[in-house]
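As structure tokens, the structure follows; a few thoughts come after it.
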Amino acid sequence: MIVERLTKDQIKESIVSKLQRHFGCETSDATDDQIYQAVALTVRDEVMKRRTASRGERKRQQAKKLYYLSAEFLVGRAMHNNMVTLVNENAYMEALDELGIEKSRIFEREPEPGLGNGGLGRLAACFLDSLSALKLPAMGCTIRYELGLFRQRIVDGFQVELPDNWLKNGNSWEICRADQAVEVRFNGYVEEYVEDGRIKFRLMNYNAVQAVPYDMPVLGYDSNMVNMLRTWSARSITPIDMQEFNRGQYVAATEDKELVEAISKVLYPEDNHKEGKELRLKQQYFLSSASVQYALNDFEKTYGPNWHMLPDKLVFHVNDTHPSLAIPELMRILMDEKGLGWDEAEDITRRCFNYTNHTVLQEALERWPQHMMRTLLPRIYMILEEMNRRLCAALFDAFPGQWERIGRMAILAYDQVHMANLCVAMTSTTNGVSQIHSDILRKQTFKDYCSLDPQKFLGITNGITHRRWLMQANPALANLLNEAIGDSWRKNPQDLEKLLPFADDAAFRDEFAKVKYSNKLRLAEFITRNQGEAIDPNTIIDVQAKRLHEYKRQLMNILGVLVLYNRIVDNPNYTVAPRTYIFGAKASAGYYRAKLIIKLINSVKELVARHPRASQMIKIVFLQNYCVSAAETLIPAADVSEQLSTAGKEASGTGNMKFMMNGAVTIGTMDGANVEIFQQVGPENIYIFGMSADEVDASYGSYRSSGIYETMPEVRRVLEQLIDGTLSPDNPHMFQELYHALLFGDGGGMADPYFVLKDLPSYISAQYQLGEDYEKRHDLWLRKAVINTAKSGIFASDRTIAEYNEQIWHLNPLEL
Ligand code: 26W
């Protein structure tokens, strides 16, 4: 079936007529918001036409379908991206020009759905894009948070959080499917009863919540394939209490409604750190239960109650442990509602589920208090108990008498529910997200499970969609690539490798440099517009953009800048290539130390800016409110990509891949996917420094940061500057706690647990070498940049998804 693309004239006609019909105005008197909506609806019509074309096909072909369950989907703006995937971006651009509409202004009217914190949520969004591009039938499932991740402002150097009310003007991309609402039940007690001679269980006296789905279409590149991102919204079932309302007790009358609807009110801002909040557990079960119920309804409509066929017709993927209650939820429905026995239900469930782990940080591994689970989800808790009983019996056969080991592997232990153990025990596969991360899962995090069943553990390195991160975000580079190597890389990103010979072509390198410069200009305008600061596009643009976390070591970056500042101040002849250090990072609202590091970055920034000579060579910018759309402007402009995590801590990283694809050179540790970037580009095209993961592991007992303080004068100096008032003349105590944490540790923990001081000297040398290369061997520098883009194809998420499909999901591409 062929669906025609709109021509430029049809696009113009559609926009004009939508303005008339929806808003009763003409292009000349429409507001930017009205124009945005008219254009968005035009694009949506085109996307939905393809949806209609492809949806029947899935049913007709009775194709197996993936449900990708994720508490976060950080999709970013949709309009421009859909123009790219429709492959008539040019027609749209010309149409808008001819209507006298300023494109970038209109694009920026679109609110960005901030339904995620960082890497995990953005990965889910890249995956959906690739699933559609590869024509694999899938549905993404998440929560329709009314308030996405907070917007960040910097006031007086401190982070301030503002609510992100992204739905306030409506959402042009979603379609409410009230007809597919389901009910999710909390609390109550479990009653046993006998039916057909069997003991059965049902929940009594529960609190019911309605889950209402809203769907957003995700179009596959240059195809008619449309998959849906389903977002669940919580709605109260009990109508407001009219008696109370009539007595004027308005608050009491609506209290229940408010309480229920709080479930989908706000996204928790913790990234890689758990907060054991009951509301969060409610969110997780709400998402899990609603998604599983829908999936089973959909299955039953086509295949009837043939539950043994379930694993052939659908597969659930749990994106980290957050949606893992879907596992006991499927057991519950199969047993309590569909009448299956435990063994059959367990077998089907295990065959339907797979799990990806995204972090090995202990404080991020989810554990819930047993009493909380039992009170909130009594029937689910019973099922977890029985799972645990059977699991422990089997483990006792495998490891007789090894109680400690069995305790580490159990689902229920020490009054807690261990969600990662639930996932490993009850799914078919567990995978890590880079080579080194998968090794750590096998050798450390899940070593006991791995010794029982090594086949179960897979490693699939993350990826990013080159459609958003290259074609949409960096059109200048995309066009240059087309001229040099043709456009096959758009469908087949590994063809970017055709660029390799051009690294040695001086004329091409010049063109590549011009593209980078134009992106720096675009970034400079963006920063001026958003926060009134000027940057010089002729300087090295050095970027660290990611969530703020101690293990990511933004602190090491800024201390390195402070060392450089001291060298310049001390020695009037000291010069380095001028650099702009850009930081983009949100800190979780309750993470005090992360927020203090933001303040420190801004204090160093002020210090440097006050010094006449240092400010010629160093400029620091803290880019406010780092988010997907900011990344789209920031990443294409970067010369240097900072990937500084303590080795062994960053599961993969995906920003590192985006920078590389856009021709930035990485300075980083041998951690996460940096290792694979290193393997791709070779040692001469990346700056690696610092301890290896093995060295980190071996140093825990013996590392004394004070030794570095004593023997390295430059390191000692910057530490003293944290407490001598250099950085905070008004309040010399401001950064005392950072000083203390680096030298003495806190709360009984070790000093400098992320080895900031240990790696600082080798980081500074690597930075020095990088600056020299950029300035004195610029040809070679550009060669490195080109090679980075050329070798980035393997990090396209189309490759990642193809691997998941081959090794885990076994979906067939739809024929359209
Ligand atoms: C319960 C609190 C919580 C919230 C989010 C714990 C853990 C998370 C996520 C798993 C953290 C996360 O986003 N991890 C990142 O996942 C990316 C995609 O695989 C990786 O590239 C990053 O290295 C990893 O930190």
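If you read the sequence from its start, that first residue is 1, and numbering goes on from there. Whatever order the structure lists ligands and atoms in, that order sets their numbers, starting from 1. Below, all heavy atoms of this structure are taken into account, side chains as well, without hydrogens, waters or symmetry copies.
A cation-pi geometry, defined here as NZ or CZ lying under 6.0 Å from the six-membered ring centre and within 45° of its normal, does not hold between Arg442 and Phe457.
Heavy-atom contacts of Glu366 reach the following atoms of ligand 1: 1 (C) (cutoff under 4.0 Å). For ligand 1, the atoms closer than 4.0 angstrom to any heavy atom of Asn272 are 3 (C), 4 (C), 5 (C), 6 (C), 7 (C), 8 (C), 11 (C), 12 (C), 14 (N), 25 (O). Residue contact check: Gly653 has heavy atoms under 4.0 Å from atoms 20 (C), 21 (O), 22 (C), 23 (O) of ligand 1. With ligand atoms numbered from 1 in the order given, ligand 1 contributes 25 (O) to contacts under 4.0 Å with heavy atoms of Tyr551. Ligand-side atoms of ligand 1 in range of Asp320: 10 (C), range being under 4.0 angstrom from any heavy atom. Heavy-atom contacts of Ala651 reach the following atoms of ligand 1: 23 (O) (cutoff under 4.0 Å). Per-residue contacts place Ala364 under 4.0 angstrom from the following atoms of ligand 1 (heavy atoms of the residue considered): 6 (C).
The shortest N/O to N/O separation between Arg280 and ligand 1 does not fall below 3.5 Å. Of the polar atoms of Leu123, none of the N or O atoms is found under 3.5 Å from an N or O of ligand 1, judged by distance alone.
The protein heavy atom nearest to atom 15 (C) of ligand 1 is His358 O, 3.8 Å.
Under 4.0 angstrom from ligand 1, there are no non-hydrogen atoms of Glu275.
The closest side-chain heavy-atom distance from Ser434 to Glu676 is below 4.5 Å.
Within the 4.0 Å heavy-atom shell around ligand 1 one finds His322.
Residue Lys546 places its NZ atom among more than 12 non-hydrogen atoms of other residues, nucleotides or ligands, all under 6.0 Å distant.
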